[in-house]
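Written below as structure tokens is the structure these notes are about.
These values consider heavy atoms only, across backbone and side chains, with no hydrogens, waters or symmetry-generated copies. Just so it is clear, the model here is predicted, and its values are computed rather than measured.
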Amino acid sequence: MKSMKNENPVIMKTEMAQKTNSCLCSIPILFLLTLLLTLLFSIFLLFTSSSNPISSSSSSLFNPNIPPSHQSIKVYIADLPRSLNYGLLDQYWAIQSDSRLGSDADRAIRSTQMKKPLQFPPYPENPLIKQYSAEYWILGDLMTPQEQRDGSFAKRVFKAEEADVIFVPFFATMSAEMQLGMAKGAFRKKVGNEDYERQRNVMDFLKSTDAWKKSGGRDHVFVLTDPVAMWHVKTEIAPAVLLVVDFGGWFRLDTKSSNGSSPDMIQHTQVSVLKDVIVPYTHLLPRLHLSANKKRQTLLYFKGAKRRHRGGLVREKLWDLLVNEPDVIMEEGFPNATGKEQSIKGMRSSEFCLHPAGDTPTSCRLFDAIQSLCIPVVVSDNIELPFEDMVDYSEFSVFVAVNDALKPNWLVKHLRTIPEEQRNGFRLYMARVQSVFEYENGHPGGIGPVPPDGAVNHIWRKVHQKLPMIKEAIARERRKPKGVTVPLRCHCT
């Protein structure tokens, strides 16, 4: 204490000021360093996000640094007999000839691959059926041994009480197509309809299980890619999660229930974007990589049937408007064995591919266009598209209102105004998302690891998004008093 009193107060003040100035000088340096690091990190984030057209939520889904338990959905497969899935394929491959089901590609498979029974038969190459093959690839993913499924978003469990959802392994599309091919006249009847009998067997089994009784079917997942799949039991499966290509197949049923007064309304008791998942059709044309893209000579291309029903009536009007336009090709036909090469050539040599509504708002034609890097021109006011929170379709497609498209000369003039730079940007984005719409995994029978960025994983991610709503719906149903119906409300237009 004594020595401190003897020190010169002026010297002490000077030393304190120097220390203070030193500290003050370090602050702006530290601030500038922090600012520089923040700026560099922001530039990195901006670059990485701009180079990836899919949203960050989608890319983080397949981040290998995230533990599997944090990026999966637990799935239990309902214990249906093989006759309702792979057994239907056995029946199909046993058919020797049929006007609807037979095709050149399938005849070749019958003569080479199907000489002896297979545990996991191939799915038909017949385009009428192949376009709906999501049911095959999703089940194949679940049937793959767990040690090979590191890249799958779905984790298979073997006790229903451990599952987030119950997958129903019924090849509903294959069942419907078998009936349509063998006895189409009985399709909407119950007597003499093998498809109806299979639907009934599925529902009678499910309703007898504890899992269905606990949830009322709300946590069950059905694949209904064909618009007429499970047609006889649609009311019974309405509470479940339905994997559908669009809602077009439900308009007719809803019109009947509303006495024809609301043809454009889909009732909440049937399908909804809140509880169901829109999935892609299986594309029929091979993938064109951006590096193989060549200069395109035609402005607009379409191949398909001219005359359709319901919303597809627009197609016939468009056809008459466009068929004689220069740089526009309108062809009748379907990409079957004889027309496939023609479709490949037409889509790969055209800037734009027309996608008008058919019997339903969408078709596999859209996904063929994406794989062909042909810019889709969508003329369908009621269309629903898969994975819209992951893929921005406006970045590679042209959406046109039906009223505008039907104005004489309007559509072609509109497409010509889209500059080449924008067209190239569309194709660049398309090339980046082609894999999102890819089902096939390259393994015999579909048994093998799925591509982490493919359609199957994106479907399971979409189902995962429904889990909070499923749990809430089950809880609401459980607490209702006996004899009281909880109102079904859905504002999801």
Side-chain touch [X]/[Y], heavy atoms, less than 4.5 angstrom:
X      : Y      : answer
Thr209 : Lys214 : no
Leu206 : His220 : yes
Tyr76  : Lys159 : no
Arg287 : Ser435 : yes
Pro121 : Tyr86  : yes
Met347 : Leu288 : no
Leu373 : Arg348 : no
Asp106 : Trp93  : yes

**Message:** Strictly by salt bridge (charged side-chain N to carboxylate O under 4.0 Å, His left out), give each pair with a member in residues 462-473 just once, sequence neighbours left out.
**Reply:**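 Qualifying pairs: Asp389-Lys462.
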**Message:** Tell me which pairs pass salt bridge (charged side-chain N to carboxylate O under 4.0 Å, His left out) where either residue lies in residues 73-89, with sequence neighbours left out.
**Reply:**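 Every pair satisfying salt bridge (charged side-chain N to carboxylate O under 4.0 Å, His left out) with a residue in residues 73-89: Arg82-Asp90.
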**Message:** Name the residue from Ile278, Ile383, Thr362 that meets the side-chain contact (heavy atoms from CB on, under 4.5 Å) definition with Phe247.
**Reply:**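 Of the listed residues Ile278, Ile383, Thr362, the side-chain contact (heavy atoms from CB on, under 4.5 Å) partner of Phe247 is Ile278.
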Quick one: list whatever passes side-chain contact (heavy atoms from CB on, under 4.5 Å) with [X], sequence neighbours left out.
X      : result
Val279 : Thr225, Leu243, Val245, Val277, Tyr439, Ile459
His464 : Ile73, Phe153, Leu467
Ser175 : Leu88, Phe170, Asp195, Arg198

**Asked** Hey, is CD on Gln146 packed in by over 12 heavy atoms from elsewhere, all under 6.0 Å?
**Response**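 Yes, enclosed.
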**Message:** Go through it in stages, so that I can follow the logic: the residues are Tyr281 and Phe437, the test is ring-ring contact (aromatic ring centres under 6.0 Å, His included), and I'd like the CA-CA distance, side-chain angles, deciding distance and then a yes or no.
**Reply:** CA-CA 8 Å; Tyr281 281 86; Phe437 307 106; over 10 Å; no
Can you measure from [atom1] ([X]) to [atom2] ([Y]) and round to the nearest 0.5 angstrom?
X      : Y      : atom1 : atom2 : answer
Gln179 : Met182 : CD    : CE    : 9.0 Å
Gln199 : His232 : CD    : NE2   : 6.0 Å
Leu366 : Ile370 : CG    : CD1   : 4.5 Å
His283 : Ser133 : NE2   : OG    : 9.0 Å
Leu89  : Met114 : CG    : CE    : 8.0 Å
Glu135 : Thr282 : CD    : OG1   : 9.5 Å

**Request:** Run the numbers on Glu194 and Met178 for side chain to side chain contact (heavy atoms under 4.5 Å, CB included), then give the verdict.
**Result:** CA-CA 9 Å; Glu194 293 184 8; Met178 289 286 290; over 6 Å; no
Distance-minimising heavy-atom pair for [X] and [Y]:
X      : Y      : value
Val228 : Arg188 : CG1-NH2, 4.4 Å
Tyr393 : Glu388 : CE1-CG, 3.9 Å
Ala172 : Met230 : CB-CG, 3.7 Å
Thr144 : Gly448 : OG1-N, 2.8 Å
Ser397 : Ile375 : CA-CG2, 4.4 Å
Pro122 : Tyr136 : CA-OH, 3.4 Å

**Message:** Holding to side-chain hydrogen bond (donor to acceptor under 3.5 Å, both in side chains), I want the full list of residues that pass it with Ser363, two or more places apart in sequence or in another chain.
**Reply:**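 Only Arg365 meet the side-chain hydrogen bond (donor to acceptor under 3.5 Å, both in side chains) criterion with Ser363.
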**Request:** Give the intermediate values and the outcome of side chain to side chain contact (heavy atoms under 4.5 Å, CB included) for residues Leu142 and Arg149.
**Result:** CA-CA 9 Å; Leu142 294 173; Arg149 304 184 64 250; 3.9 Å; yes
**Item:** side chain to side chain contact (heavy atoms under 4.5 Å, CB included) evaluation trace for Tyr132 with Val223
**Value:** CA-CA 10 Å; Tyr132 303 124; Val223 187; over 6 Å; no
**Request:** Report yes or no: do His289 and Gln434 form a side-chain donor-acceptor pair below 3.5 Å?
**Result:**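 No, no side-chain donor-acceptor contact under 3.5 Å.
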**Message:** Checking Glu177 against Tyr92: is there a side-chain donor and acceptor pair closer than 3.5 Å?
**Reply:**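 Short answer, no.
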**Request:** Using a strict 4.0 Å threshold on nitrogen-to-oxygen distance, state whether Arg218 and Glu477 make a salt bridge.
**Result:**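 Yes, Arg218 and Glu477 are salt-bridged.
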**Asked** Is the shortest side-chain N to carboxylate O distance from Glu162 to Lys155 below 4.0 Å?
**Response**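 Answer for the salt bridge query: no.
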**Asked** Between the side chain of Asp368 and the main-chain N/O of Leu284, is any donor-acceptor distance below 3.5 Å?
**Response**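 Yes, Asp368 side chain to Leu284 backbone: donor-acceptor pair under 3.5 Å.
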